[in-house]
**Q** 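So that we are looking at the same thing, I have put the structure below in structure tokens.
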Amino acid sequence: MRKLKALLLVVALVVCCMATACGKKDGDGKIKIGVVNNPPSESGYREANVKDMEAVFSAENGYELKTFYSKVNDEQLQAAKGFITDGVDYLLISAAETTGWDDVLKKAKDAGVKVYIFDRKIEVDQSLYEAAVISDMAKEGETAVNWLLAQNLPEYKVIHIQGAMGSDAQVGRTGALDAQFASGKMKKIVQQTAGWDEAEAKKIVETVINSGEDFNVIYAENDGMARGAVAALDEAGITHGVDGKVVVIGFDCNKWALRELLAGKWNYDGQCSPFQAKIISDLIKSGKAPSQKIIINEEKGFDAKTITENDINTYGLGD
Amino acid sequence: MKITGKKLFRNGFGQLTIPLIAIALLAVFNLIRDPGFFSIGIAHNSDGNAVLSGNIISIINGASELAILAIGMTLVTAACGGQDISVGAAAAIAGSVFVKVLKSASSINGGTVLLAFLLSCIVAMLFGAFNGTLVAVFKIQPMIATLILYTCGRSIAYWINGGATPTISNPILSAIGGFIPGIPLPTPVIIVVVMAILFKLLFHFTSLELFTQSVGINGAAARLNGINPMFIKLLSFVLLGACVSAAGCIGVSRLGLINHETLLLDVEMDAILAVAIGGNSLGGGRFKIIGSILGAYIIQTLTITLYAMKVSSTDVKAYKAIVIVLLVVIGSPVVKQRFTKFVRRLSENRKKVSAKGAE
């Protein structure tokens, strides 16, 4: 009797599995998306990125979304394999590291899963993915530096506070300014990395102030470090922002940073757009293969003189 | 007079010899490099208050969090013979609680700030008690026990506020992290002084100092003498928790922003170094709080010196490491022993020579 019961259970289980499996194949018309991303706790950027993904690939928009968040590449690889086995239609990846993805992407291709890469490039053959929707960090730097040049300051004495050395954002945002230093158009007072650390940025600026050296531009590679730098200026009573002595430039467009812009305390904030979901969703819904492999996410820069409350609500990250 | 001079030469300032020599060397080095390095001026900050400015102020101001953490770390080191490596992560949690309470308050006034600090203090002390329990009750090595919170602390800090860098702006906060109107000295420096005095009073009115030392030197012997080693160790971690919360709240108040990933990043290593440079044995036992505070200022002086020399900050850590290795090696028992032997031999030789001369 017990054996019979057990057997019945097993049969029921198998039937159930088959039913769900069949259900998966026929589907309820929803497109299955597997997203492998970095964890939202990483930064304000990532938080907005994750929220945007969840909003765009929602059930109302006809998607079935599965997500996995980790900053460990191996865990991401495992999760991607898991999604392929689960039979997702599309795999969206923002990799923790740029290497080691060949095998998984080949597996995806064999299984007929289409891959989109977002936010960060992966070093694999372009045939392995549909398209990469990424930010051009170098362009962010160029936009900011061009804006700075357009201000026509009589001289440019720059304190350059860099992010964690070697990160995409640091390399990209440093490049354009380095070119200006090399050409002699701008003078490098100090170029130091604070490793995205606000307090460290404050110390760097404090040291320059104490040395008595003159400067009139602070180019910080993210908002937090710009805030640290500004704190040092405030303590020394040096004016900054619109009509101030020192021009303050930040990046990332956190809402609080854009509010500083609106208040005229900073001068410029460069966007690093985390909103790739819409672009990818449009590509998927169009049903055609993208015309190019690398799609650059258009990014703006905001000037304190022209920014509006509306911009803050549309483009600002966090709260 | 001659005898005291000789005595001073042989014994120095005891435990404080190395930190004092280090400070003197750094001062001389900086004076040669830039005679104006230590000049102090008066500036008017953007609120219009007259405040002191200059490298010395930057150093003692910037080292405040480190100095406060070093005080607590000294106690833990002395009692347990090991170090807490989770102070940075715990400070991020304490700072997050501080911000969370202030953000949920309808208006920010003196009362809510105090409440926020007390709550963050309680949370930090609870985490301290957690670490302390692992160490004192379960006899896990302090570094291993605190590795747990070191690993997960910053994630916990993230959960508390959700957002990555919540900001909060208020005059009371800028008074805590910057300057109180009318007082030209940075508030964090004043807080360090107050903390140091509080600990001094604690040691003066209780037997905590003696008990901690005896537990650190020999726990079993301490127990035979009626001291509860478990309680003393636990207490040291809880007191460190209070220090952690103070440091975290200062860090948050400075910029009106909490970034759980970068708040007091890598501070645990500096705090342990401050204890070591201060001449305290990392194996537990005798300790001097003032040594650790000096250690914190030395580390900060080093950093600011390197920044002032425009050493690329990627290299700063390497240069810092070289100086610190030198300090720690000079302060090590082996070198000390050799040095005393060398001094003794010198004086003996001199005696012999003078004796010969007399003949």
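A, B, ... follow the sequence lines: proteins, then strands. Residue 1 opens every chain. Computed from a predicted model, the values in this text were never measured in an experiment.
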**Q** Look at D178(A) together with K188(A) and state whether they make a salt bridge at an N to O cut-off of under 4.0 Å.
**A** no

**Q** Counting heavy-atom pairs under 4.5 Å to chain A, which of A43(B), S53(B), G54(B) comes out on top?
**A** G54(B)

**Q** Among D119(A), N38(A), N37(A), which one satisfies side chain to side chain donor-acceptor pair (under 3.5 Å) with N49(A)?
**A** N37(A)

**Q** Just give me the residue among Q162(A), E200(A), Q191(A) that pairs up with chain B most often, heavy atom to heavy atom, under 4.5 Å.
**A** E200(A)

**Q** Counting only non-hydrogen atoms closer than 4.5 Å, does I168(B) touch chain A with its backbone (N, CA, C, O), its side chain (CB onward), both, or neither?
**A** backbone

**Q** Measuring heavy-atom distances to chain B, does K202(A) have an atom under 4.5 Å in its side chain, in its backbone, in both, or in neither?
**A** side chain

**Q** Tell me if a side-chain donor or acceptor on S64(B) pairs with a main-chain N or O of I60(B) at a distance below 3.5 Å.
**A** yes

**Q** Flag this pair as yes if the NZ/CZ of K245(A) is under 6.0 angstrom from the six-membered ring centre of F215(A) and inside a 45 degree cone about the axis; otherwise no.
**A** yes

**Q** Quick one: is the NZ or CZ of R227(A) closer than 6.0 Å to the six-membered ring centre of W256(A), and within 45° of its axis?
**A** yes

**Q** If you count heavy-atom pairs under 4.5 Å with chain A, which of S155(B), A308(B), S174(B), S312(B) comes out on top?
**A** S312(B)

**Q** Hey, mind stepping through Y315(A) and F302(A) against ring-ring contact (aromatic ring centres under 6.0 Å, His included) and telling me if it holds?
**A** CA-CA 10 Å; Y315(A) 299 104; F302(A) 294 99; 5.5 Å; yes

**Q** Hey, which of E206(A), M165(A), E235(A) has the most heavy atom pairs under 4.5 Å with chain B?
**A** E235(A)

**Q** With chain A, which of V311(B), L265(B), N61(B), L263(B) has the greatest number of heavy-atom pairs at distances under 4.5 Å?
**A** V311(B)

**Q** Can you tell which part of S211(A) gets under 4.5 Å to a heavy atom of chain B, answering side chain, backbone, both or neither?
**A** neither

**Q** Please lay out, stage by stage, how K320(B) and D270(B) fare under the test salt bridge (Lys or Arg N to Asp or Glu O under 4.0 Å).
**A** CA-CA 10 Å; K320(B) 241 165 105 177; D270(B) 280 351; 3.7 Å; yes

**Q** With only heavy atoms counted, which part of E213(A) is less than 4.5 Å from chain B, the side chain, the backbone, both or neither?
**A** side chain

**Q** Which label fits H160(A) and Y219(A): parallel for a plane angle under 30°, tilted from 30 to 60°, or perpendicular past 60°?
**A** perpendicular

**Q** Check each atom of F179(B) against the heavy atoms of chain A and say whether the ones under 4.5 Å are side chain, backbone, both or neither.
**A** side chain

**Q** Relative to chain B, which segment of D234(A) carries a heavy atom at a distance below 4.5 Å: side chain, backbone, both, or neither?
**A** both

